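A short worksheet on the structure shown next.
Keep in mind that this is a model prediction, so the values were computed, not measured. Heavy-atom basis, side chains included; hydrogens, waters and symmetry copies ignored.
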Amino acid sequence: MPDGTGAPPAHNGASNHGPGSGGGSGGGSRRIHPGSGRRKAPLAPKGRGVEPAALDEVRALLGDAPRRRDLLIEHLHRIQDAHGHLSARHLAALADEMDLPMAAVYETASFYAHFDIVDDGETPPPPLTVRVCDSVTCEMLGAEALLAALPGRLGEGVRVVRAPCMGRCDVGPTCEIGHRHLDAATPEAVAAAVEAGETHPVPPEFEDYESYRAEGGYALLEACLAGERAPEAVIAALSDSGLRGLGGAGFPAGRKWGIVREQQGPRYVTVNADEGEPGTFKDRFYLERAPHRFLEGLLIAAWAVGCERGWIYLRDEYPAIRALLLAELPKLEAAGLTRHCPLELRRGAGAYICGEESAMLESLEGKRGYPRHKPPYIASVGLFGKPTLNHNVETLYWVRDILEKGADWFAGQGRNGSKGLRSFSVSGRVREPGVKLAPAGITLAELVEEYCGGMAEGHSLKGYLPGGASGGILPASLADLPLDFGTLEKHGCLIGSAAVVVLSQADDIRAVTLNLMRFFEDESCGQCTPCRNGTEKAVQLLSAGRWDRPLLEELSRVMIDASICGLGQAAPNPILTAIRYFGDELEAGRSG
């Protein structure tokens, strides 16, 4: 339906339209939120007529795809992939073709960082964009030097822009050349890739459908669909295992399945594969290697809960994974494995806020990714107003193992009183960064020594982020805390998605904190004043070297108490923990 409510849209394959080859796509500047005194794009055109030529071009790009409101972002991608930007004439034509107000199209397009809007008379961006990740780990590994060197090295025909975390922290500094990532990037390597025209995504080697089936894959799903297992028994096994949501919130998975199953249908299932937390790359790791284990878990969850349709929301920073899934999903449909729950793949457009579940649902409905007020919760009023089960990739990845090996197997894996396994995304000053599958409740000291080969040569532990940008910063003296839900909160931190960034004596806590707060400022959706203005004010204070503890603590309390969603509520964590644990260092560098 045009307003994204009521009955679900009819299923079609058109929304799985793959990414084009336009090098400018995905290269937009950071989103600038309202009220900041800056803007990302020109003002929306007023009273613009629809050019027949532009309308013909839009119709040709959309082909026979439905013109539903929930496909607006997909259609915007098609236009930008083809032209390298979104012109005002094409936006007007798209609004006319979809029977939407121009304001609705423009507000959506201008919300997402990966869309470049160009008004009449403005110069379009160059045909190729190089995006350089400036997240905390990439900054530690030389992103600023890369950003300084590339414009002169690549010339005026290539645009170089900053970009938030690309989910490749273990191989930083990283950049995206068109749609292809280059890891451990140097100016020389980037220039060589640009000269060679290496701008298209290359899917990694992975276990494809045929290989997965040959090793027993989807047998469990087929047994469920054949009635050989009962939904109640499957949900009970998930509950007994202690599996929790591994996207950050940690809600018990079995309980969530039961709650959604109790709701009146139709019910939907969504997957949030938009992991944008700086330091997090575990979902990329599993999607690049074993996508069908995740997909089988997803389809089992849909069967157990009674979900009639499913959507996978994949971040636009993972173009190679998108190409992979576009090739593999039709195989499931052809085999009849999605007959109970057809799946659609949707493409994000550069918005960290869409990691929040209700903001993701708004994006799936073709709107700005604004978090919804709660209650109601999405388990009862979710996508298109229907009960919705939402999970991240890793949670669903574990479903098959738990059901095949038993709940006790998974529950017996933890340490220090915790249950299960966790996939820790470890980056920073360790000898062997990467995704480390370790027992839940392991300590940072154990994780570094047993799984990461110890600290990097010449570095000693100074502190660490246990849960990415929003998880806070802990000192080396607390490296023996169990890393799990419920163990870090009294210390002012969160485990979140288990994104562990290890810091050493080479890292300035002031610079780290400022980097994290700039990320939150950039990624605030702008909907609520405490987060929108609070993150901006925090960056202003930290940039000026003003570690005014009373003022920063007061600002943090307002953000925590009054922000609508978790972004604003967790954004002050780096400031508060830096003050709490590294006060002497901060005071020593204080100015203003």
Side-chain angles (χ1 to χ4, degrees), residues 136-137 140 169-170 242-246 248-250 277-282 394 410-510 512-513 516 570 572-586:
V136 61
T137 307
M140 291 161 59
C169 315
D170 54 330
L243 179 67
R244 302 176 72 159
L246 300 176
E277 182 76 19
T280 304
F281 47 91
K282 61 186 180 62
E394 189 194 355
F410 188 79
Q413 298 294 320
R415 293 186 187 178
N416 300 309
S418 295
K419 292 184 177 182
L421 295 166
R422 291 299 304 267
S423 301
F424 293 91
S425 304
V426 186
S427 64
R429 309 299 188 177
V430 295
R431 197 179 298 270
E432 301 169 8
V435 173
K436 310 297 179 180
L437 182 59
I442 193 172
T443 68
L444 185 281
E446 294 168 337
L447 183 65
V448 170
E449 290 304 316
E450 296 178 29
Y451 291 85
C452 301
M455 294 292 293
E457 186 70 27
H459 292 269
S460 58
L461 181 64
K462 176 178 182 177
Y464 63 103
L465 282 65
S470 59
I473 311 171
L474 289 172
S477 60
L478 294 179
D480 292 324
L481 293 176
L483 297 175
D484 199 8
F485 299 109
T487 62
L488 304 176
E489 284 79 356
K490 67 179 180 179
H491 301 282
C493 287
L494 304 168
I495 183 65
S497 58
V500 178
V501 181
V502 180
L503 310 175
S504 78
Q505 79 281 359
D507 301 307
D508 183 344
I509 296 298
R510 293 167 296 178
V512 169
T513 306
L516 300 177
N573 286 343
I575 294 175
L576 295 175
T577 51
I579 290 174
R580 182 174 179 178
Y581 298 113
F582 301 93
D584 292 344
E585 179 177 338
L586 301 179

Non-hydrogen side-chain atoms of Leu474 and Pro466 separated by less than 4.5 Å: yes
From Ile579 atom CD1 to Ile473 atom CD1, the distance as rounded to the nearest 0.5 Å: 10.5 Å
Of all heavy-atom pairs linking Ser427 and Pro433, the shortest is CA-CB, 4.1 Å
Just how far is it from atom OG1 of Thr443 to atom CG of Asp480, taken to the nearest 0.5 Å? 5.5 Å
Any donor-acceptor pair under 3.5 Å from Gln413 side chain to Phe410 backbone: no
Within a strict 4.5 Å, meaning less than it, do heavy atoms of the Thr513 and Phe582 side chains meet? no
Quick one, Ile509 with Leu586, criterion side-chain contact (heavy atoms from CB on, under 4.5 Å). Give me CA distance, side-chain angles, the key distance, then yes/no. CA-CA 8 Å; Ile509 296 298; Leu586 301 179; 4.2 Å; yes
Going by heavy atoms in the side chains, are Leu483 and Leu488 under 4.5 Å from each other? yes
Measure from the side-chain N and O atoms of Gln505 to the backbone N and O of Gly458, and report whether any donor-acceptor pair falls under 3.5 Å. yes
First locate atom NZ of Lys490, then atom CG of Leu481, and finally report the distance between them rounded to the nearest 0.5 Å. 8.0 Å
With the threshold set at 4.0 Å, does a side-chain nitrogen-carboxylate oxygen contact exist between Asp507 and Lys462? no
State whether the side chain of Asn416 and the backbone N or O of Gly441 hold a donor-acceptor pair below 3.5 Å, judged by distance alone. yes
Quick one: closest heavy-atom pair of Arg429 and Ala506, and the distance? NH2-CB, 4.2 Å
If you define the side chain from C-beta out and look only at heavy atoms, does anything of Leu503 sit under 4.5 Å from Leu465? yes
Donor-acceptor check, side chain of Tyr581 to backbone of His491, threshold 3.5 angstrom: yes or no? yes
Minimum heavy-atom separation for Ser497 to Thr280, with atom names? OG-OG1, 2.9 Å
Can you tell me if Ser425 uses its side chain to pair, donor with acceptor, with the backbone of Lys282 under 3.5 Å? yes
Within the structure provided, determine whether Asn573 and Leu516 are in side-chain contact (heavy-atom separation under 4.5 Å). no
Near Lys419 NZ, under 6.0 Å, is it more than 12 heavy atoms from other residues, nucleotides or ligands? no
Report yes if some heavy atom in the side chain of Thr487 is under 4.5 Å from a heavy atom in the side chain of Ile495; otherwise report no. no
Specify the closest pair of heavy atoms between Tyr464 and Leu478, including all atoms of both residues, with the distance to one decimal. OH-O, 2.6 Å
Got a second to check how far Glu394's CD is from Arg422's CZ, nearest 0.5 Å? 6.0 Å
pair Ser423-Leu246: side-chain heavy atoms closer than 4.5 Å: no
A side-chain contact here means heavy atoms from C-beta on lying under 4.5 Å apart; do Asp508 and Glu585 qualify? yes
Give me the atom names and distance for the closest heavy-atom approach of Val502 to Met140. O-CE, 3.6 Å
Donor-acceptor pair, side chain of Glu457 and main chain of Arg431, under 3.5 angstrom: no
Looking at Ser460 and Met455, what are the two nearest heavy atoms and their distance? C-CE, 3.7 Å
Could you list the residues that satisfy side-chain contact (heavy atoms from CB on, under 4.5 Å) with Glu450, not counting sequence neighbours? Arg415, Glu446
Residues in side-chain contact (heavy atoms from CB on, under 4.5 Å) with Ala438, at least two apart? Phe424, Ile442, Leu447, Tyr451
Using the rule given for side-chain contact (heavy atoms from CB on, under 4.5 Å), can you reason through Leu444 versus Leu461, listing the C-alpha separation, both sets of side-chain angles and the distance that settles it, and then say yes or no? CA-CA 10 Å; Leu444 185 281; Leu461 181 64; 3.8 Å; yes
